[in-house]
Amino acid sequence: MTKPAREAEHAGSTFDLTTWRPLPREFFDAPPEQVARLLLGKILVRRGRGGPLAGRIVETEAYLGEHDAAAHAASGRTARNAVLYGPPGHAYIYNIYGLYACFNISCLPEGVPGCVLVRALEPLQGIAEMRRNRGLNGSAGIHQLTSGPGKLCQALDISRAEDNGLDLTRADGRLGLVEDNFQCGEIRVTPRVGISRAADWPLRFFLAGHDCVSGRRG
DNA sequence: ATAAGGATGACCT
DNA sequence: GGTCATCCTTATA
């Protein structure tokens, strides 16, 4: 250990690995649109072999229950979406387009489906490893590492096979969410990205003007 | 603009 | 059982 792992590499974070406690279950036992908003500014931590990988959440989307045609719960409970019906605060990870993973967090009490999709992070810690995981060289900008749901899973080495169903509230878990007392500034709300049904519902939340937000940032 | 890529669920037999 | 359209995306042109 040449250097204490307590200091964030990237500017502006008070994140301290020696004291981090995951957000409690009650935080997630709430409607997805509320959790999605409150997750902005929090830190997603991945405990890896080469040390922690961490980033600040800058973009989220809420997916509601069976009345939300864009949600995986829309057609009722299946083997794939069982986590959505389980207790809050668990990782729901699915593969998309045969290529990428998407990381969601279950909300609402057991039996009631709903989740938040984490769409983008600002890399804070383990940036070199994120670059490696993404197959990018040193010239790739910070904002290319985790500015999209598939990108951030690749950067943090999150996969359905390894991580689906994980309890995110365990202090010793591989994945967790941490309070950072970060001042978010203006939060912008728009329709969700990449869906065809319920396409006008205002359930996407992101930090206005942040470089690491995916796609169009207005 | 669009191809890549594979799992999933809907809808049959 | 089988087939098929769809998909909460990304990196290329």
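By convention in this document, chain letters (A, B, ...) are assigned in the order of the sequence lines, proteins followed by strands, and residues within each chain are numbered from 1.
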_Between A/Arg46 (side chain only) and A/Cys153 (backbone N and O only), is there a donor and an acceptor less than 3.5 Å apart?_
no

_Audit row: A/Met130, A/Leu156, side-chain contact (heavy atoms from CB on, under 4.5 Å) steps and yes/no_ = CA-CA 6 Å; A/Met130 292 188 199; A/Leu156 300 200; 3.6 Å; yes

*Does A/Glu162 pair with A/Arg174 as a salt bridge, N-O distance under 4.0 Å?*
yes

*Between NE2 on residue A/His210 and OG on residue A/Ser147, distance to nearest 0.5 Å*: 11.0 Å

*If you write DNA chain B from 5' to 3' in dot-bracket form, with Watson-Crick or G-U pairs under 3.5 Å, [ ] for crossing pairs and | for pairs with another strand, what do you get?*
||||.|||||||.

*Just wondering, are more than 12 heavy atoms of other shown residues or ligands nearer than 6.0 Å to CZ in A/Arg47?*
yes

*Please list residues of residues 70-78 of chain A whose heavy atoms come under 4.0 Å from any atom in DNA chain B, ordered by number; otherwise none.*
A/Ser75, A/Thr78

*Sub-3.5 Å donor-acceptor pair from the side chain of A/Thr169 to the main-chain atoms of A/Gly89, do we have one?*
no

*Measure the CG-OH distance between A/Leu108 and A/Tyr85 for me, rounded to the nearest 0.5 Å.*
11.5 Å

*So which heavy atom on A/Thr60 is nearest to which on A/Ala36, and how close?*
OG1-O, 2.9 Å

*Check A/Pro87 against A/Ser106 and note the closest heavy-atom contact, atom names and distance.*
O-OG, 2.9 Å

*Sorted by number, the residues of residues 97-121 of chain A with heavy-atom contact under 4.0 Å to DNA chain B*: A/Tyr97, A/Gly98, A/Leu99

*On DNA chain C, check which nucleotide each of A/Gly194 and A/Gln144 is closest to and give me the residue with the more 5' one.*
A/Gly194

*Considering only heavy atoms, which members of residues 85-96 of chain A lie under 4.0 Å from some atom of DNA chain B?*
none

*Given the side-chain rings of A/His72 and A/Tyr94, with only the six-membered ring counted for Trp, is the space between their centroids under 6.0 Å?*
yes

*Distance-only, no hydrogens or angles: does the A/Arg56 side chain make a donor-acceptor pair with backbone N or O of A/Glu122 under 3.5 Å?*
no

*Count the heavy atoms of every other residue, nucleotide or ligand shown that sit under 6.0 Å from CD of A/Glu186, and state whether that count exceeds 12.*
yes

*asked:* Heavy atoms within less than 4.0 Å of DNA chain B: which residues of residues 149-160 of chain A have one? Give them sorted by number.
replied: A/Arg160

_Going 5' to 3' along DNA chain C, which are the first and last nucleotides with any atom under 4.0 Å from a heavy atom of chain A?_
C/dC7 to C/dA11

*Does A/Asp68 pair with A/Arg192 as a salt bridge, N-O distance under 4.0 Å?*
yes

*5'-most contact on DNA chain C: A/Arg134 or A/Ser196, nearest heavy atom basis?*
A/Ser196

*Just checking A/Arg80: base, sugar-phosphate only, or nothing, at a heavy-atom cut-off of under 4.0 Å?*
sugar-phosphate

*Answer yes if the ring centres of A/Phe28 and A/His90 are under 6.0 angstrom apart, and no otherwise.*
no

*With the threshold set at 4.0 Å, does a side-chain nitrogen-carboxylate oxygen contact exist between A/Arg25 and A/Asp167?*
yes

*asked:* For the CZ atom of A/Arg21 and the CG atom of A/Leu177, what is their distance to the nearest 0.5 Å?
replied: 15.5 Å

_A/Arg119 and A/Glu61 ion-paired at < 4.0 Å_ = yes

_Criterion side-chain contact (heavy atoms from CB on, under 4.5 Å) on A/Leu203 and A/Leu64, from CA distance to verdict_ = CA-CA 9 Å; A/Leu203 293 176; A/Leu64 312 183; 4.0 Å; yes

